Amino acid sequence: MSELKRVRKAVFPVAGLGTRFLPATKAVPKEMLTVLDKPVIQYAVDEARKAGIEHFIFVTGRNKAVIEDHFDLAYELQDTLEKRDKKEAIETLSQYQPRPGETSFTRQQAPLGLGHAVWCARELVGDEPFALLLPDMVMKDEKGCTSGMIDLYNQTGGNIIATEEVAWEETHQYGVIEKGEKVASGFEVTGMVEKPAPGTAPSNLFINGRYILQPEIFDLLEKQKPGAGNEIQLTDAMLTLAKSQKFYGHVFEGETFDCGSKAGFIRANIAYALDDPGIRGEVLSDLKKWVLSRFLSL
Ligand code: UTP
């Protein structure tokens, strides 16, 4: 195998309309809704940083400027906090502050689909492999899903798709992979099906929103015709790429919350709150009270 190019860059597509959260997302991007005390987008960026990513590329759209502000230095706030000697708040801000030049932003001018959003990052990624993280999927795990994928990539090269087990009867709601031979800490992906008809899924491993892709995907996305929902679909371009390049699967074993859905978003908030020693007791006692009074007395 020729020398592997390191995965240094990550792409975060954040140009979706977030219609499932209207009216909340009329003026606030869904990626800025908070799970406990951090916006959803921050979880994906933290996960990428932990995996060794050095450059963070955001594909934004209209009404998403606040995401850029979130990752910028808030000079006036910083100054006020310093004058008031708010050490803890200053420390919190600096912990999440990207260094100058680590972030890039480009705009998807119209929401033509995830595949189109990824294609919009082509000039910023250039000719190297990159991680792709769908920020809606908040992944709770000490090591981080992207770290596990980069470990696998460093052994196999090629393209990596993160997957996760789901109940067989739910497979029709997801993109599902076909599992081949075991390779290093993962396995070869021998097929992918978007939302298979009930009872026909080739496995119960669904594609969970984290990828490592080779730059050849961009040429394929450029030529990709609109697919399901009349959108440019990433999966369609990956299926074409799989004819000439290897894809490997990584099984993520932590907890994933789909924060693009209301139920997933609420579950994420509860899970992170129950892990926070400062508020766990309060939240737990209310949860117990609500469950007992609303459901068990029925
Ligand atoms: P979703 O399928 O969740 O769509 O996108 P959405 O528009 O964000 O949300 P709903 O369904 O209307 O509530 C999956 C990911 O792809 C990005 C989204 O920002 C999200 O990270 N995306 C989707 C784009 O960046 N551009 C698009 O044109 C579509």
Side-chain angles (χ1 to χ4, degrees), residues 8-18 21-108 121 124 133-142 144 146 257 259-260 262 264-286:
R8 302 184 308 124
K9 299 182 181 179
V11 173
F12 304 88
V14 289
L17 297 176
F21 275 93
L22 283 170
T25 48
K26 190 176 166 201
V28 178
K30 69 172 171 180
E31 298 79 10
M32 289 303 292
L33 300 178
T34 56
V35 169
L36 202 55
D37 50 7
K38 288 198 294 188
V40 163
I41 183 69
Q42 185 76 57
Y43 288 87
V45 167
D46 292 351
E47 178 189 321
R49 187 181 290 285
K50 200 187 251 183
I53 296 295
E54 296 163 1
H55 197 95
F56 305 85
I57 298 166
F58 299 85
V59 181
T60 72
R62 288 175 60 73
N63 289 334
K64 304 275 182 164
V66 69
I67 297 179
E68 197 163 341
D69 291 342
H70 175 73
F71 290 104
D72 194 6
L73 190 72
Y75 175 75
E76 282 148 13
L77 174 62
Q78 193 89 18
D79 190 51
T80 308
L81 293 174
E82 272 161 25
K83 284 191 181 123
R84 296 186 185 170
D85 200 26
K86 298 272 186 197
K87 291 202 176 61
E88 208 176 313
I90 295 169
E91 172 55 29
T92 303
L93 283 185
S94 71
Q95 197 184 330
Y96 295 105
Q97 182 64 51
R99 288 189 306 138
E102 274 185 347
T103 52
S104 295
F105 295 83
T106 188
R107 274 200 179 195
Q108 184 189 23
L124 293 168
L133 292 89
L134 307 195
D136 282 358
M137 305 305 271
V138 169
M139 298 192 177
K140 194 161 179 296
D141 178 54
E142 202 44 54
T146 305
F257 302 97
C259 290
K262 288 180 199 170
F265 179 74
I266 298 297
R267 282 173 49 236
N269 268 291
I270 295 173
Y272 278 93
L274 292 180
D275 262 6
D276 182 327
I279 59 171
R280 179 191 298 142
E282 243 176 285
V283 174
L284 197 55
S285 93
D286 274 357

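Keep in mind that the numbers below use all heavy atoms, side chains included, and drop hydrogens, waters and symmetry copies. Numbers here simply count residues along the sequence, with the first being 1. Bear in mind the structure is a predicted one, so any value in this text is a computation, not a measurement.
No side-chain heavy atom of Val28 sits less than 4.5 Å from a side-chain heavy atom of Val66. Two residues are said to be in side-chain contact when any heavy atoms from C-beta on lie closer than 4.5 Å; Leu17 and Thr25 fail this criterion. No side-chain heavy atom of Val14 sits less than 4.5 Å from a side-chain heavy atom of Pro29. Contact check for Asp136 versus Lys30: side-chain heavy atoms found under the 4.5 Å cut-off. In this structure the side chain of Ile67 never reaches within 4.5 angstrom of the side chain of Phe12, judged on heavy atoms. In this structure the side chain of Glu68 never reaches within 4.5 angstrom of the side chain of Thr60, judged on heavy atoms. Looking at Tyr272 and Val138, their side chains come closer than 4.5 Å, going by heavy atoms from C-beta outward. Contact annotation: the side chain of Leu36 approaches that of Ile279 to within less than 4.5 Å [non-hydrogen atoms, C-beta and beyond].
Evaluation of the salt bridge (charged side-chain N to carboxylate O under 4.0 Å, His left out) rule for Arg99 yields Glu102 as partners, not counting sequence neighbours. Qualifying salt bridge (charged side-chain N to carboxylate O under 4.0 Å, His left out) partners for Asp141, counting only residues two or more places apart in sequence or in other chains: none. Under the rule for a side-chain hydrogen bond (donor to acceptor under 3.5 Å, both in side chains), the partners of Glu31 that lie at least two apart in sequence or sit in another chain are Lys64.
Annotation for Lys9 and Ile53: closest pair O-CD1, 3.8 Å, computed over non-hydrogen atoms. Nearest heavy atoms, Gln42 versus Tyr96: NE2-CD2, 3.4 Å. Closest heavy-atom contact between Pro135 and Ala44: CA-CB, 4.0 Å. Taking both residues in full, the closest heavy atoms of Val11 and Pro13 are given as O-CD, 3.8 Å, listed atom of the first, atom of the second, then distance. Residues Ser104 and His55 approach most closely at OG-NE2, 2.7 Å, considering heavy atoms. Scanning all heavy atoms of the two residues, the minimum distance from Ile57 to Ala121 falls at CG2-CB, 4.1 Å.
Here Lys83 pairs with Asp79 in a salt bridge; the nearest charged N to carboxylate O distance falls below 4.0 Å.
Note: Met139 CE to Leu134 CG = 8.0 Å, rounded to the nearest 0.5 Å. Remark: Ile270 CD1 to Asp275 CG distance equals 12.5 Å, nearest 0.5 Å. Note that CD1 of Ile90 and NZ of Lys87 are 8.0 Å apart. Values are rounded to the nearest 0.5 Å. For the atom pair Met32 CE and Asp69 CG, the distance stands at 8.5 Å (nearest 0.5 Å). Taken from CD in Gln97 to CG in Asp72, the straight-line distance is 7.0 Å, to the nearest 0.5 Å.
Within the 3.5 Å criterion, the main-chain N or O of Leu73 finds no donor-acceptor partner in the side chain of Gln78. Under a 3.5 Å cut-off, the side chain of Asn269 and the backbone N or O of Phe265 do form a donor-acceptor pair. Side chain of Lys50 to main chain of Glu142: a donor-acceptor pair is present (N/O by atom type, distance under 3.5 Å, no hydrogens or angles). Formation of a donor-acceptor pair under 3.5 Å by the Thr146 side chain with backbone atoms of Ala51 is not found in this model.
Dense packing is recorded around CZ of Arg280, with more than 12 heavy atoms of other residues, nucleotides or ligands lying under 6.0 Å away. For Gln95, the CD atom sits in a packed shell: over 12 heavy atoms of surrounding residues, nucleotides or ligands are nearer than 6.0 Å.
When ring centroids are compared, Phe56 and Phe71 stay outside the 6.0 Å threshold.
Taking the centre and axis of the six-membered ring of Tyr43, the NZ or CZ atom of Lys38 falls inside the cone set by 45° and 6.0 Å.
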